[in-house]
Every structure is written in C-alpha cells, then in structure tokens.
Amino acid sequence: MPTATFSGIKAIILDIEGTVAPITFVKDTLFPYALRVLPDYVAKNWSSPSFEPTLNSFPAEDLASPEALVAHVHDLTARDVKVAYLKSLQGTLWRSGYESGALVTPLYDDVVTRIQSWKDRGKILAIFSSGSVEAQKMFFAHVGGEDGEEQHDLTGLFEPYWFDTVNAGAKFEGKSYEKIVSEMGVERGDALFLSDHIKGSCLIISPQLWYSFDEFKEVQAALSAGLCAALVIRPGNPPQDFAEGTVAVRSLGEVELD
Ligand SMILES: CSCCC(=O)C(=O)COP(=O)(O)O
C-alpha cells in the first residue's frame, strides 16, 4: 500500500480499537475481564453512593436487581454496543486489571515511534474513541514494552485532548469532529483523523429506544466536517466497504506529514 502524504497537518486525532491496538485485545481481553469482575463489583457497590451515577445512567428496567444489571451488561457486551453508560462501567471495571498488571495494552509496533515523532515535530495529538475518557487514559498509561515486562505511560502525549462520545458526540457525526478541532484550536483542514472504522452498526437514541443503521461512517464523518482522514487497515479488522478514493494505510508508518 503506498504511503499517504498529508500537507499542513497540525493535529492528529486517533481512534483506538483496530487503529493503534488490535480489535482482539478489546474483544478477547478487555471485554471478558470486565465481565469476570462485574458480578462481584456490582454486589459490593450496589448501594454505594459512588456507584449511583453509573447505575442511574442505565435504563431503569435493567436495575431491578444486581443480577438483572449483570445480564444486561452481558447482552450489550456480546453485541458490542458502544453506548456511553456501558463504556463508562467498563472503564471502572478495567481499573483493577490495569492496576494489578492483569491488563497490559498491546499497541501495534509502528505506533509509539510514529506518534512520538509527530509530537517531537510539534503536532498536537488527541484520542477520539467510544471507550470512555477514563478507559482511554488507563489504556495509554499501561502500554506493554517490547520485552513484555516493562510498561510505559504514554498519556502525556495526548494531554489534554481525550474525546469520547460523551464530551464530543457520536463518532459518525460530522459535528463531533467540528467540536474536537475547535477545542484543539486548529482549523478543520489542519487536522487528520485516523480510524479503522468506516462502517458500524448501531446508534442509541435514548436508553429505551434503539435504532439500527447498516452503515455509519467515522472516516467519512470526519471528511464531511472538513478534516483530513484516512482509513487504517490492520490484520484481522473486518473488511470495510470503503468508497473509491478513500485514503487507506496499513500502519501509522505509512502516514507522511509534510
Ligand atoms: C480503552 S478504550 C477501550 C476500547 C473500547 O471499549 C471501544 O469501544 C473502542 O472503540 P473505538 O471507538 O476506539 O473503536
């Protein structure tokens, strides 16, 4: 795949899953970890004031009992529903795993060198993920080293620009990208969004009401807002039905900024 060259880029906004880390880490490690610790966490915190805001963000009918909530979270996770209240709970559940060393983030080999070089060149870096901001920060604070032992905290590369669907909006809506670049203080055309995701599956309108869409498009949403954008194709990512002319790369090393 040829290198993709972008001119005049001042800010790079990165998606997480399938872009900087394998989808399998999220689906086969993070999600099962959350489900493993969930029943115990819910039982211990059911009446805790600190858990109340999280609980109250779930639909009332799923809060009939701790068991009902656990069943609802299993169902959402199985369907990989990227709804904010699930993402917030997952972030809370992953904390013990990162702190104990059970969870270590496996970034693709090309990622650290490339984003560090962009930072060294004065580019502003940001994350925009469906994962909650809390989860994003833990994810980048516990990056595995090449020797498999040492861990690195990369959060400083992105401070203070962490965006999720709560503080920025839906990833398939152009206005979310407009909000992000405005907060980053750059012009739309001076920002580059990199994501594995052109196609998605569902959108929640309210906790009680679901609408499904066959397609929503992150890369195209960013382009529609006037940003530069490229699709990142990693091994194991689902095939993307991308429009002719979409810029695609197989690694961040193929993204050239001049
Ligand atoms: C550390 S965030 C965990 C990943 C996650 O929960 C997720 O849904 C990834 O979504 P993305 O928008 O980054 O593809």
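Just follow the structure's listing: the first ligand is 1, and inside any ligand the first atom is 1. All values derive from a computational prediction rather than experimental measurement. In this chain, residues are counted from 1 in sequence order.
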Between D110 and R250, is there a salt bridge with N-O shorter than 4.0 Å?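 No, this pair does not count.
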D80 and K27 ion-paired at < 4.0 Å: yes
Which residue holds the protein heavy atom closest to [atom], what is that atom called, and what is the gap in Å?
| atom | result |
| --- | --- |
| atom 12 (O) of ligand 1 | K171 NZ, 2.6 Å |
| atom 13 (O) of ligand 1 | S129 OG, 2.7 Å |
| atom 2 (S) of ligand 1 | G131 CA, 3.7 Å |

N or O pair under 3.5 Å between [X] and ligand 1:
| X | value |
| --- | --- |
| E218 | no |
| E17 | yes |
| H197 | no |
| F139 | no |
| Q136 | no |

With heavy atoms only and a cut-off of under 4.0 Å, state how M138 meets ligand 1: side chain, backbone, both or neither.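 M138 to ligand 1: no contact under 4.0 Å from either part.
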Should the proximity of F140 to ligand 1, defined as any heavy atom under 4.0 Å, be assigned to the side chain, the backbone, both, or neither? neither
Of all the atoms in ligand 1, which lie at a distance below 4.0 Å from a heavy atom belonging to D15?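 By the 4.0 Å cutoff, the relevant atoms are 11 (P), 12 (O), 13 (O), 14 (O).
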I'd like to know if the side chain of K87 pairs up with that of Q90 as donor and acceptor (distance under 3.5 Å, no hydrogens or angles considered). yes
Residue pair E256 / T3, side-chain donor-acceptor N/O under 3.5 Å: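 The answer is no; no qualifying pair exists.
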If I compare all heavy atoms of L107 with all of A21, which pair ends up nearest, and what's the gap? CD2-CB, 4.4 Å
Shortest non-hydrogen contact from Y33 toward W94: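 What the structure gives for the nearest pair is CD2-CD1, 4.0 Å.
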